[in-house]
Protein chains: 2
Amino acid sequence: MSSEEISTKTRILQATWQLLEQHQGQGVNMSDIAKAAGISRQAVYLHFASRTELMIATMNYVDEVKGLNERLNLFNSAKTGIELLEACVDIWGNYIPEIYSLAKPMLMSRDTDEAMAAAWTNSMNCLRDVCQVTIDTLKREGKLIKGWSPKEATDMFMTLISINNWEQLTIESGWTTEQYISWMKRLLKRTFVD
Amino acid sequence: MSSEEISTKTRILQATWQLLEQHQGQGVNMSDIAKAAGISRQAVYLHFASRTELMIATMNYVDEVKGLNERLNLFNSAKTGIELLEACVDIWGNYIPEIYSLAKPMLMSRDTDEAMAAAWTNSMNCLRDVCQVTIDTLKREGKLIKGWSPKEATDMFMTLISINNWEQLTIESGWTTEQYISWMKRLLKRTFVD
DNA sequence: ACTGTCAATTGACACCGTGTCAAGTAATCA
DNA sequence: TGATTACTTGACACGGTGTCAATTGACAGT
């Protein structure tokens with residue numbers, strides 16, 4: 001049990017992540033994961049109670065490695081509402097492609113899986129906070145377009161930068177990440193900034 | 001076989017639609033549908049080769065009854081780009097709630113079901129046409145904001161009025177249809193109209 | 001009345017994926 | 001030595017889709 005060996009649990013998490021990446025988040029079952037981790041399918045259940053739990057644990061693992069929270073700390077350098085807005089799109093827009101394969105199956109099962117829905121909402125909270133701060137800052141600066149309540153504006157902000165929209169524009173419509181980020185910034189500024 | 005009796009095929013379609021409406025598009029299987037149509041599960045397959053085919057046929061059936069195409073003819077009264085844009089949001093925004101229960105399972109299976117994806121794209125084409133006409137009209141009027149290519153603008157238009165966004169704003173965030181339509185019009189105008 | 005056909009029925013079965021259980025094994029710890 | 005831990009194997013239940021064969025009942029044409 002030296003610190004160099006990786007625990008079985010970690011190996012499962014890594015295998016899950018890797019397989020999801022390879023298959024763009026689709027068609028990965030428990031057998032595949034077990035095989036990739038070098039253990040039997042049943043052994044996976046010794047570490048994770050269900051597929052849902054494994055997915056959630058994988059998300060936390062990836063979040064830890066990729067560090068969205070740390071990235072969002074780049075906000076410290078942003079001062080004005082517009083700077084915050086642009087930083088938000090930069091950070092989130094570059095983060096989505098890195099987690100898309102993992103996020104996709106979670107989004108897909110959200111509707112039928114209560115636990116998944118809760119875990120997802122929870123992990124999106126840090127993003128929502130950031131959107132809210134941005135909207136509040138704009139309002140404080142008197143730059144928020146008349147008519148928006150902070151709640152409505154935050155709802156719309158979150159909706160516009162949703163993974164679904166990113167997917168539609170990049171994967172379906174063929175936009176590059178740069179295109180996405182550039183247009184999304186313009187869209188958000190025209191929508192919220194006076 | 002008088003014209004008053006409904007064919008079994010039609011009864012299946014009606015049962016499917018009704019069940020989807022009742023259950024908000026989720027957890028409806030072939031057994032349920034057969035039971036609701038008053039036939040055996042296996043008999044459903046005498047009329048539809050697969051669940052996917054049944055869903056697609058149901059969509060066509062509902063489209064026929066609800067008549068999106070006819071509604072989109074209301075465009076004839078719209079002249080300017082802005083009128084077109086507003087008519088589009090009015091028509092589509094009021095249509096979504098009527099088909100959401102049917103659209104939801106189609107959107108969900110799209111990713112894993114090639115045939116479903118094709119059918120969906122196909123049925124969205126009339127909407128895409130309308131978006132394109134709107135963008136083209138704005139451009140002709142010199143009112144399209146600089147920087148948008150017609151293709152990019154249409155991609156963004158379609159993305160903004162997507163069912164996913166409607167779902168996020170109304171069902172998840174609690175907006176009313178009126179709120180949705182009102183804000184969506186403002187959003188689109190500020191995004192595209194100079 | 002006989003025959004064919006059509007729609008639907010019943011029951012059984014295959015396949016896949018998730019999740020569970022019991023019994024066994026191999027290594028490690030005390 | 002004996003207990004514990006991690007994992008293995010094989011079997012099985014469940015739910016859902018899709019398939020197949022054999023059967024029934026009704027309605028047609030001759």
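To find a chain, count down the sequence lines: A is the first, B the second, and so on, and within it residues start at 1. If you're wondering where the values come from, they're calculated on a predicted model, not measured in any experiment.
The separation between L46(B) atom CG and dT10(C) atom C1' is 13 Å, rounded to whole Å.
Within the structure, every side-chain polar atom (N or O) of S40(B) is placed at least 4.0 Å from both OP1 and OP2 of dA8(C). An OP1 or OP2 oxygen of dA7(C) is reached within less than 4.0 angstrom by no side-chain nitrogen or oxygen of H47(B).
Among residue pairs with one or both ends in residues 41-65 of chain A, none qualify as ring pair (Phe, Tyr, Trp, His ring centres under 6.0 Å); sequence neighbours excluded. Counting only residues at least two apart or in different chains, salt bridge (charged side-chain N to carboxylate O under 4.0 Å, His left out) contacts with residues 37-53 of chain A are absent. Counting only residues at least two apart or in different chains, ring pair (Phe, Tyr, Trp, His ring centres under 6.0 Å) contacts with residues 92-114 of chain B comprise Y100(B)-W166(B). Applying the salt bridge (charged side-chain N to carboxylate O under 4.0 Å, His left out) rule to pairs touching residues 148-171 of chain A yields K104(A)-E167(A), R128(A)-D155(A), K151(A)-D155(A), sequence neighbours excluded. Applying the ring pair (Phe, Tyr, Trp, His ring centres under 6.0 Å) definition to pairs two or more places apart or across chains, those involving residues 115-149 of chain A are W148(A)-F192(A), W148(A)-W183(B).
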Write down the protein N/O and nucleotide N/O pairs, taken from nucleotides 25-28 of chain D, whose separation is under 3.5 Å; answer none if there are no such pairs.
none

How does protein reach along nucleotides 14-26 of chain C, written 5' to 3' as B (base within reach of a heavy atom under 4.0 Å), S (only sugar-phosphate), or - (no contact)?
-> ---SBBBB-----
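For T52(A), the side-chain contact (heavy atoms from CB on, under 4.5 Å) partners at least two apart in sequence or on another chain are S50(A), I56(A), D113(A), A115(A), M116(A). Taking the side-chain contact (heavy atoms from CB on, under 4.5 Å) definition, one finds that D129(B) meets it with nothing, sequence neighbours left out.
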Please list, one pair per line, the donor and acceptor atoms closer than 3.5 Å that link side chains of residues 23-30 of chain B to other protein atoms, with sequence neighbours excluded.
from: H23(B); atom 1: ND1; to: L19(B); atom 2: O; distance (Å): 2.9
from: N29(B); atom 1: OD1; to: S31(B); atom 2: N; distance (Å): 3.3
from: N29(B); atom 1: OD1; to: D32(B); atom 2: N; distance (Å): 2.9

Which pairs of donor and acceptor atoms, one on a side chain in residues 138-146 of chain B, lie under 3.5 Å apart (sequence neighbours left out)?
from: E141(B); atom 1: OE1; to: G81(B); atom 2: N; distance (Å): 3.3
from: E141(B); atom 1: OE2; to: G81(B); atom 2: N; distance (Å): 2.8

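The pair E86(B)-R186(B) does not count as a salt bridge, with every side-chain nitrogen at least 4.0 angstrom from each carboxylate oxygen.
Using a 4.0 Å cut-off on heavy atoms, none of the residues of residues 11-25 of chain A approach DNA chain D.
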